[in-house]
Amino acid sequence: MTDDDQRRNMALFSMGIVMKLTDLTARQIRYYEQQGLVNPARTVGNQRTFSFNDVERLLEIKKWIEKGINIAGIKQMINPTAHTAEQQSDEAIALISLSETTLPEKLSRKQMHQLLKQELLEQRHGSKASMIQGQLSRFFKK
DNA sequence: TTTCTAACA
DNA sequence: TGTTAGTA
């Protein structure tokens, strides 16, 4: 746990602040919490307090919702599964197939599978941002 | 005033 | 998801 990690996990923002930061309604934020997508801390008075990480996650969730991905799909994107890169790749493709018509015709299923696997492997070797939130978004309708 | 939970003319 | 009720 680095010093920076601790800063990112400090619960500093109130519901009102997060609503403005993410442009989401309180209802939506609470619902996403119920679905296990975010876990904001609580004050003694049971008020939610969000960390910078929570806000970032909510922004990612918002982006995926706008892309047409359902809660179930987002859960798979977020929850660090103990699956192999191969399995994760298959899961990602399964999600994408839900919006088949938005896939670029030139990119074959095989090519995509290879690309996804490659990026998943890179991610495993501790590169940088998750391929799922970065590269994968290119394949969805804009 | 703000946020929380629960519930639905 | 919106929205309202009754609280803390």
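Keep in mind the model is a prediction, meaning the values are calculated, not measured. Throughout, protein chains are lettered first and strands after them, A, B, ... in sequence-line order, and every chain is numbered starting at 1.
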Dump the intermediate steps for side chain to side chain contact (heavy atoms under 4.5 Å, CB included) on Thr49(A) and Leu12(A), then the final yes or no. CA-CA 6 Å; Thr49(A) 52; Leu12(A) 307 169; over 6 Å; no

**Message:** Just N and O in the side chain of Arg48(A): are any of them under 4.0 Å from OP1 or OP2 of dC4(B)?
**Reply:** yes

When you measure from the side chain of Gln28(A) to the backbone N and O of Thr25(A), does any donor-acceptor pair fall under 3.5 Å?
-> yes

note: Glu33(A), atom CD; dT3(B), atom P; distance rounded to Å ~ 14 Å

| For dG2(C), does OP1 or OP2 lie under 4.0 Å from any side-chain N or O of Thr25(A)? | yes

Here the distance between atom C1' of dT1(C) and atom NZ of Lys62(A), to the nearest Å, is 15 Å

Between CE of Met15(A) and C1' of dA8(C) the distance, given in whole Å, is 16 Å

Comparing nearest nucleotides in DNA chain C, the 5'-proximal residue of the pair Ile65(A), Gln47(A) is Ile65(A)

Rounded to whole Å, the CZ-P distance (Phe50(A) to dT2(B)) equals 16 Å

Short side-chain N/O contact from Tyr32(A) to OP1 or OP2 of dT1(C), under 4.0 Å
yes

Under a 3.5 Å limit on both distances, the Watson-Crick or wobble mate of dA5(C) is dT5(B)

Leu37(A) atom CG is separated from dT1(C) atom P, nearest whole Å, by 11 Å

Side-chain atoms of Asn46(A) come closest, of dT1(C), dC4(B), dG2(C), to dC4(B)

Would you say the side-chain atoms of Asn9(A) pair up with the backbone N or O of Asp5(A), donor to acceptor, closer than 3.5 Å?
-> yes

Taken to the nearest whole Å, CZ/Phe13(A) to P/dT3(B) is 14 Å

Paired with Leu58(A), the side chain to side chain contact (heavy atoms under 4.5 Å, CB included) test is passed by just one of Leu21(A), Val38(A), Asp23(A), namely Val38(A)

task = Remember a base hit wins even if backbone is also touched, and classify Gly16(A) as base, sugar-phosphate or nothing at under 4.0 Å, heavy atoms.
result = sugar-phosphate

Between NZ of Lys20(A) and C1' of dT2(B) the distance, given in whole Å, is 11 Å

Atom CE of Met19(A) and atom P of dT2(B) are separated, to the nearest Å, by 11 Å

Base, sugar-phosphate or nothing for Arg30(A)? Non-hydrogen atoms, less than 4.0 Å. base

Considering only heavy side-chain atoms of Arg42(A), the closest of dT1(C), dG2(C), dT5(B) is dT5(B)

- prompt: Do NZ/NE/NH1/NH2 and the carboxylate oxygens of Arg27(A) and Glu33(A) come within less than 4.0 Å?
  reply: no

Result for 5'-nearest mapping on DNA chain B, choosing between Arg27(A) and Gly45(A), is Gly45(A)

